[in-house]
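Accompanying notes for the structure given below.
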Amino acid sequence: MTGASAGKAAVFRALHLDRLPGDPLVLPGPWDAASARVFVDAGFPALATPSAGVAASLGYEDGATPADEMFAAVARIARAVEVPVSADVEDGYGLAPKELVERLLDAGAVGCNLEDSRAGVLRDPARHAEWLAEVRAAAGDGLFVNARVDTFACGIADPGPAVERAALYVAAGADCVYPIGVPADVLPLLRAGVEGPVNASATPDGLSAREWGELGATRITYGPGLQRAAAAALREIAGRL
């Protein structure tokens, strides 16, 4: 890892700290270099790629992007901007922690999303926590690890399992937890049981970032929502043409 990469990683980590309620870190999700530059020009201090948005830009269904193509896409995005870039690399593509970390750093990423399910099936939380600990050991301070908790996405409405998984992942060294799909009215309950930053997913036409922040979110991401909104706008223009 170069000095510049280490500096970006430190900047990215600092952006998550000491956030006031109602003022979460907002990370738009670029799907290619052009969209990344649009977001940076708009003033965002960091970016977080969405795997589904990148997949769409490459002509794949969500979850079907080959690892080599995903890392190449992340590298193009990171190379196009000066701000820190975090990469959604799904469940790690079966890579050993050391190789996963090396490939993320080689791509220019300073953070990553890592899911705790595969093909809609939740992983054993203790084993996943062990794997996250290995990722943390391999990365040191070079990567901000956002551990996605997929219980809500897998149909478990009870927040208890999400809190339990989040606690395990934080203890394993995760910098942030991401209970994807958590209902807005459940987020405060989860927030009370989780130490450290919490990521909430928003939609362009849903609750505002401020509202999610007031409910307990430290940072906001939009998944593929912005890519899909851009595609819808392009579809409308194409129809007029």
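Quick caveat, the model's predicted, so the values are computed rather than measured.
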Rounded to the nearest 0.5 Å, how far does [atom2] of [Y] lie from [atom1] of [X]?
X: Asp106; Y: Phe71; atom1: CG; atom2: CZ; result: 9.5 Å
X: Asn199; Y: Arg148; atom1: CG; atom2: CZ; result: 10.0 Å
X: Ser35; Y: Ile77; atom1: OG; atom2: CD1; result: 6.0 Å
X: Leu100; Y: Leu95; atom1: CG; atom2: CG; result: 5.5 Å
X: Thr49; Y: Asn113; atom1: OG1; atom2: CG; result: 7.5 Å
X: Leu215; Y: Leu187; atom1: CG; atom2: CG; result: 5.5 Å

Pairwise side-chain contact, [X] with [Y], heavy-atom cut-off 4.5 Å (strictly under):
X: Val177; Y: Asn146; answer: no
X: Pro179; Y: Val198; answer: yes
X: Thr218; Y: Pro24; answer: no
X: Ser201; Y: Tyr178; answer: yes
X: Glu90; Y: Asp62; answer: yes
X: Ser51; Y: Val89; answer: no
X: Thr151; Y: Leu122; answer: yes
X: Leu226; Y: Phe39; answer: yes

field: Audit row: Ile180, Val149, side chain to side chain contact (heavy atoms under 4.5 Å, CB included) steps and yes/no
entry: CA-CA 6 Å; Ile180 189 169; Val149 179; over 6 Å; no

- prompt: Is there any salt bridge (Lys or Arg N to Asp or Glu O under 4.0 Å) pair reaching into residues 205-233, and which pairs are they, with sequence neighbours excluded?
  reply: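 Matches after skipping sequence neighbours: none remain.
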
Grab the two heavy atoms, one from [X] and one from [Y], that are nearest each other, plus how far apart they are.
X: Ala46; Y: Pro28; result: O-CD, 3.8 Å
X: Arg136; Y: Arg13; result: NH2-NH2, 4.1 Å
X: Tyr222; Y: Val26; result: CE1-CG1, 3.8 Å
X: Pro45; Y: Leu25; result: CG-CD1, 4.1 Å
X: Ser86; Y: Cys112; result: OG-N, 3.2 Å
X: Cys154; Y: Ser117; result: SG-CB, 4.3 Å

message: The test is salt bridge (charged side-chain N to carboxylate O under 4.0 Å, His left out); show your working for Asp32 and Arg76 and say whether it passes.
response: CA-CA 7 Å; Asp32 60 14; Arg76 287 191 293 271; over 6 Å; no

task: Kindly check if the number of other-residue, nucleotide or ligand heavy atoms within 6.0 Å of CG (Asp18) is above 12?
output: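 Counting other residues, nucleotides and ligands, CG of Asp18 stays at 12 neighbours or fewer.
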
query: Does the side chain of Glu69 pick up a donor-acceptor pair with the side chain of Tyr60 at under 3.5 Å?
result: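 The answer is yes; a qualifying pair exists.
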
query: Between Leu104 and Leu143, does a side chain to side chain contact (heavy atoms under 4.5 Å, CB included) hold up when you go through it step by step?
result: CA-CA 9 Å; Leu104 282 162; Leu143 286 176; 3.8 Å; yes

message: Tell me which pairs pass ring-ring contact (aromatic ring centres under 6.0 Å, His included) where either residue lies in residues 129-170, with sequence neighbours left out.
response: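 The answer is Phe12-Phe144, His16-Phe144, His128-Trp131, His128-Tyr169.
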
field: Sidechain-backbone polar pair: Ser57 side chain, Trp31 backbone, donor-acceptor under 3.5 Å
entry: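 Flag set: sc Ser57 to bb Trp31 pair under 3.5 Å.
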
query: Judged by atom type as modelled, is there a donor-acceptor pair below 3.5 Å linking the side chain of Asp116 to the main-chain atoms of Asp150?
result: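 The answer is yes, because a donor-acceptor pair under 3.5 Å joins these two groups.
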
query: Any salt bridge between Asp68 and Arg103, counting N to O under 4.0 Å?
result: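 Yes, this pair counts.
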
- request: Apply side chain to side chain contact (heavy atoms under 4.5 Å, CB included) to the pair Val135 and Val101, showing each step before the final yes or no.
  value: CA-CA 7 Å; Val135 172; Val101 168; 4.0 Å; yes

